[in-house]
A.B. asks: 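Got a structure here, written out as structure tokens. Questions coming.
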There are 2 protein chains.
Amino acid sequence: MERADAAHNRARILEAAALLFAERPPQDVTMDDIAKKAGVGRGTLYRRYPDRASIAVALLDDHERELQERLLRGDPPLGPGAPPAERLAAFYAAMVRLLEDHSHLVLGSEVGRSRFETGAYGFWRAHVRALLSAAGTPGPDALVEVLLAPLAPEVYGYQRRVLGLSPEQIARALARLTRMLDR
Amino acid sequence: MERADAAHNRARILEAAALLFAERPPQDVTMDDIAKKAGVGRGTLYRRYPDRASIAVALLDDHERELQERLLRGDPPLGPGAPPAERLAAFYAAMVRLLEDHSHLVLGSEVGRSRFETGAYGFWRAHVRALLSAAGTPGPDALVEVLLAPLAPEVYGYQRRVLGLSPEQIARALARLTRMLDR
DNA sequence: TCGTATGTGGACACGGTGTCCGGTTGACTA
DNA sequence: TAGTCAACCGGACACCGTGTCCACATACGA
């Protein structure tokens, strides 16, 4: 069980990191910055979070778990009960929402190509894979990554910030991918 | 005009970089490694190539330009003349080939989120955008990134090395994306 | 052959990372 | 409430990669 001072410091660290990630690109936030802002020594920081990615993951955890919960047990069309194509569309809409609200965190959690290694990615993957199977789509394994790739935070950020597309435009384009479920 | 010794050193640098990128992940290759292997000082290296990405871009340049040439003036279905959907399929096949042969280079050229900033990406983007327009697809702008996203080197590498998919499986999944061109 | 501009290479300073250890403090027990 | 111990804290430190700078070398033109 966690000691009171340790819990207190963890909270301070997460709070500081959230502020810093919000104000500049994640790769410009050093571990030292976070420690300073949290009023905590380097050793304390590294004890729990070996790198930036793990902090961002911790910050995202709540939001991702909530979405996962809704996918598993929520109301249709996000949850079980609706046709696969509609569920996929709902999933895309929810992911756009998540990216819009927390893209700086998601970006922060991606050092190199570690995106595929997080538990969350595995979950999204399994979910889409299941939808493809339910729809009877042939060769679902290769198709999963194709359907998930446009949700990469860099892609979303590029569309939003450089191309100036709206979340609605992006969501609409993604929704059209659901026709992949027709064999 | 370039001095003879400078040209010689440039060749040595590119050769050394190609060898190093081939044997380990690009982020594990330091500028120092490249300079050492090329038998060249750090200053010389930095004079031409300010970072790893620019070296990888230089190495890729030939291959990318050749593909661009074939897209613009080659035989159908890759070049002009075939229906848009077939041209897109041919483009996907060619890109899979490029990724298969040079994925380590492409990965090396991506330090940070610079992928979208390279000239090559702009070219692929314009090409796919034109195909979408020619096919009369509505809202092509948002769709372009969706169709290009699965070609990200990390995605390809993950499919090949972690999931163990074959180039053919990947190409097949990509080919199915061409149905996006039917309105 | 000589002068000059360009190229060269290694030394250097800087900044970020991750580790380590002496001191501190919270939690549990009697 | 006092004592004990394990967990925690935090800053100093060493390491590594980056990018710059400048004294020297060399190719090219006159």
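Order of the sequence lines fixes the chain letters, A, B, ..., with proteins taken first and strands second; residue numbering starts at 1 for each chain. Since the structure is predicted, the reported quantities are computational estimates derived from the model, not experimental observations.
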A.B. asks: From C-beta outward on B:V40, which listed nucleotide comes closest to its side chain: D:dG10, C:dG9, D:dA12?
C.D. replies: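 Among D:dG10, C:dG9, D:dA12, the one nearest the side chain of B:V40 is C:dG9.
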A.B. asks: Which nucleotide in the list C:dT8, C:dG10, D:dA12 gets nearest to the side chain of B:A6?
C.D. replies: C:dT8
A.B. asks: Do B:E168 and B:R172 pass the salt bridge (charged side-chain N to carboxylate O under 4.0 Å, His left out) test, and can you show the C-alpha distance, the side-chain angles, and the key distance before you say yes or no?
C.D. replies: CA-CA 6 Å; B:E168 290 72 28; B:R172 210 147 42 221; over 6 Å; no
A.B. asks: Could you state the CZ-C1' distance from A:R42 to D:dA12, rounded to the nearest angstrom?
C.D. replies: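 Spelled out: CZ on A:R42 to C1' on D:dA12 is 10 Å.
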A.B. asks: Under 4.0 angstrom, heavy atoms only, what part of the nucleic acid is B:D51 near: base, sugar-phosphate, or nothing?
C.D. replies: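 Answer is nothing: B:D51 stays at 4.0 Å or more from every strand.
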A.B. asks: What is the nucleic acid contact for A:R10, judged by heavy atoms within less than 4.0 Å: base, sugar-phosphate only, or nothing?
C.D. replies: nothing
A.B. asks: Using a cut-off of 4.0 Å on non-hydrogen atoms, how would the nucleic acid contact of B:T30 be classed: base, sugar-phosphate, or nothing?
C.D. replies: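 Touches sugar-phosphate only.
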A.B. asks: Given D:dG19, C:dT17, D:dA27, identify the nucleotide with an atom nearest to the side chain of B:A4.
C.D. replies: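 The listed nucleotide nearest to B:A4's side chain is D:dA27.
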A.B. asks: Mind calculating the distance between CZ (A:R3) and C1' (C:dT25) to the nearest angstrom?
C.D. replies: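 Spelled out: CZ on A:R3 to C1' on C:dT25 is 5 Å.
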A.B. asks: Specify the residue among A:D33 and A:G43 whose closest nucleotide of DNA chain C lies further upstream toward the 5′ end.
C.D. replies: A:D33
A.B. asks: Between B:R47 and C:dG7, does any side-chain N or O lie under 4.0 Å from OP1 or OP2?
C.D. replies: yes
A.B. asks: Can you tell me which nucleotide in C:dT17, D:dC9, C:dG7 comes closest to the side chain of A:Y46?
C.D. replies: C:dT17
A.B. asks: Between B:R65 and B:D61 (salt bridge meaning N to carboxylate O under 4.0 Å), is one present in this structure?
C.D. replies: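 Salt bridge present between B:R65 and B:D61.
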